[in-house]
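Reading through the structure tokens given below for one structure.
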Amino acid sequence: MAGEAHNSSGLPPFILTGLPGLETSQHWLFLLLGILYTISIVGNALILFIIKEEQSLHQPMYYFLSLLSGNDLGVSFSTLPTVLAVFCFHLREISFNSCMSQMFFIHLFSFMESGILLAMSFDRYVAICNPLRYSTVLTDARVVWMGMCVFLRSFCMIFPLPFLLKRLPFCKANVLSHAYCLHPDLIRLPCGDITINNIFGLFIVISTFGLDSALILLSYVLILRSVLAIASQEERLKTLNTCVSHLCAVLIFYVPMVGVSMAARYGRHAPRYVHTLLSLVYLFVPPMLNPVIYSIKTKEIRRRLSKILLGTKF
């Protein structure tokens, strides 16, 4: 494959990588990833089931949570096929079209998660800063509209990426750095001019992750200003407590993403498995921790979950 130019008509396959330098220990990593997948899939499915069944949770805050859980399931199922193939069955080759499809869905769900977290921050802003208008501002129809906007924005941003890659010639050994296909990894492989790809990639990152994180920060600045105006310290803490779950979700999504970005820019001399582990944290930890956090912090979810798991009545 190396030294032979390919274009989209040739559809060159790609070689996935497990954990570079630690191939003999990959069965242990698969065991760990299997546990993470199980917690993520079961946890998010339970969140969706509980919100559907519990009438008291039929309100905007939990509608957004159900969107987050559904999106986290999408992230998990997007990476599961190739991770299972690489770490369990040692099948490392993936076709060009399959790789493009996986890349599309991984990035689609990542961008959607950022948008959902922004929508949840708006929910907290309205609930705390304009509580009397909460029910009129966040109607069911508006929640559906916001969810559709998040999906459409992410879809429109990601849709051109596979086509921008297909137009390029591939003349290197198409070995990827991960057990799944990511655009920053794929963009290093073509031997043609990737200027347009780089510019477009930077544009979509700034207009999604960059804009969303700035607006989330702004919403919490306004929330904090509103909370500080409350005379009672007990009421301040009670109000801020309603934001803890969302703040944790924001941190576990954006902190690993920043870590991956920093490692890509400034950690070029670090062992390859460091980059792989950081990407695993970025893709696996948020879907796993989000249902855990909301189960712990939400009394209604915790109560219903206890009823499901223990068969107790409350």
Side-chain angles (χ1 to χ4, degrees), residues 1-6 8 10-37 40 75-110 158 161-162 164-166 168-192 194 197-198 201 256-288:
M1 190 179 299
E4 180 182 353
H6 299 271
S8 60
L11 298 176
F14 296 96
I15 305 300
L16 301 167
T17 303
L19 202 59
L22 298 175
E23 285 79 4
T24 57
S25 303
Q26 287 189 169
H27 59 286
W28 292 109
L29 183 60
F30 174 73
L31 179 62
L32 173 62
L33 294 178
I35 294 172
L36 296 181
Y37 271 124
S40 174
V75 173
S76 296
F77 285 121
S78 295
T79 58
L80 179 59
T82 52
V83 169
L84 188 67
V86 170
F87 289 102
C88 187
F89 301 107
H90 307 290
L91 302 175
R92 298 177 58 199
E93 187 171 287
I94 182 173
S95 69
F96 188 95
N97 286 330
S98 296
C99 192
M100 292 300 104
S101 298
Q102 185 182 52
M103 178 201 70
F104 175 85
F105 284 108
I106 289 176
H107 290 296
L108 173 70
F109 289 121
S110 293
I158 299 301
L161 288 183
L164 288 174
L165 282 169
K166 278 190 174 185
L168 296 171
F170 288 81
C171 57
K172 303 176 184 177
N174 295 325
V175 179
L176 301 177
S177 304
H178 311 291
Y180 33 78
C181 300
L182 298 175
H183 184 259
D185 198 16
L186 288 165
I187 203 63
R188 298 190 182 100
L189 300 178
C191 51
I194 59 172
N197 299 67
N198 282 330
M257 183 180 67
V258 172
V260 170
S261 177
M262 295 294 287
R265 287 180 175 274
Y266 305 109
R268 295 178 182 177
H269 301 295
R272 286 180 61 193
Y273 66 82
V274 172
H275 299 272
T276 305
L277 286 174
L278 284 173
S279 72
L280 288 173
V281 170
Y282 169 57
L283 287 173
F284 285 80
V285 171
M288 179 198 69

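Here the structure is a predicted model, which means the values were calculated and not measured. Values below: all heavy atoms of this structure, side chains included; hydrogens, waters and symmetry mates excluded. Nothing fancy with the numbering, it's 1 onward along the sequence.
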Exercise for the section: Could you check R92 against L176 for side-chain contact (heavy atoms from CB on, under 4.5 Å), going step by step and ending with a plain yes or no? Expected result: CA-CA 10 Å; R92 298 177 58 199; L176 301 177; over 6 Å; no
Exercise for the section: Mark yes or no for whether H107, through its side chain, and H183, through its backbone, hold a donor-acceptor pair below 3.5 Å. Expected result: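 Confirmed, H107 side chain pairs with H183 backbone.
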Handout entry: Identified side-chain contact (heavy atoms from CB on, under 4.5 Å) counterpart of Y180 within the set L280, D185, V86
Key =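 Answer after filtering L280, D185, V86: L280.
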Problem - L283 side chain reached by H178 side chain, heavy atoms, under 4.5 Å - result: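 SC-SC contact between H178 and L283 ruled out.
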Practice task
Kindly indicate whether the side chain of L32, heavy atoms from C-beta on, has any atom under 4.5 Å from the side chain of F284.
Solution key: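 Not touching, per the 4.5 Å side-chain cut-off.
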About how many Å separate [atom2] of [Y] and [atom1] of [X], when rounded to the nearest 0.5 Å?
| X | Y | atom1 | atom2 | answer |
| --- | --- | --- | --- | --- |
| S78 | M103 | OG | CE | 12.0 Å |
| L161 | N197 | CG | CG | 8.0 Å |
| L33 | L80 | CG | CG | 10.0 Å |
| L168 | C191 | CG | SG | 8.5 Å |
| S101 | F96 | OG | CZ | 10.5 Å |
| L16 | S177 | CG | OG | 10.5 Å |

Practice task
Please check if the distance between the ring centroids of F14 and F170 is under 6.0 Å.
Solution key: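 Ring centres of F170 and F14 closer than 6.0 Å.
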Exercise for the section: Could you walk me through whether I187 and L165 pass side-chain contact (heavy atoms from CB on, under 4.5 Å), step by step? Expected result: CA-CA 8 Å; I187 203 63; L165 282 169; 3.9 Å; yes
[X] versus [Y], closest heavy-atom pair with distance:
| X | Y | answer |
| --- | --- | --- |
| C181 | L186 | CB-CD1, 4.2 Å |
| P184 | R188 | O-NH1, 3.4 Å |
| V175 | L189 | O-CD2, 4.0 Å |

Practice task
Evaluate the side-chain hydrogen bond (donor to acceptor under 3.5 Å, both in side chains) criterion for residues Y37 and T79: first the C-alpha distance (whole Å), next the side-chain angles of each, then the deciding distance (0.1 Å), finally the verdict.
Solution key: CA-CA 10 Å; Y37 271 124; T79 58; 2.7 Å; yes
Exercise for the section: Could you tell me whether F105 atom CZ has more than 12 heavy atoms of other residues or ligands within 6.0 Å of it? Expected result: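 Atom CZ in F105 is not crowded, with 12 or fewer foreign heavy atoms closer than 6.0 Å.
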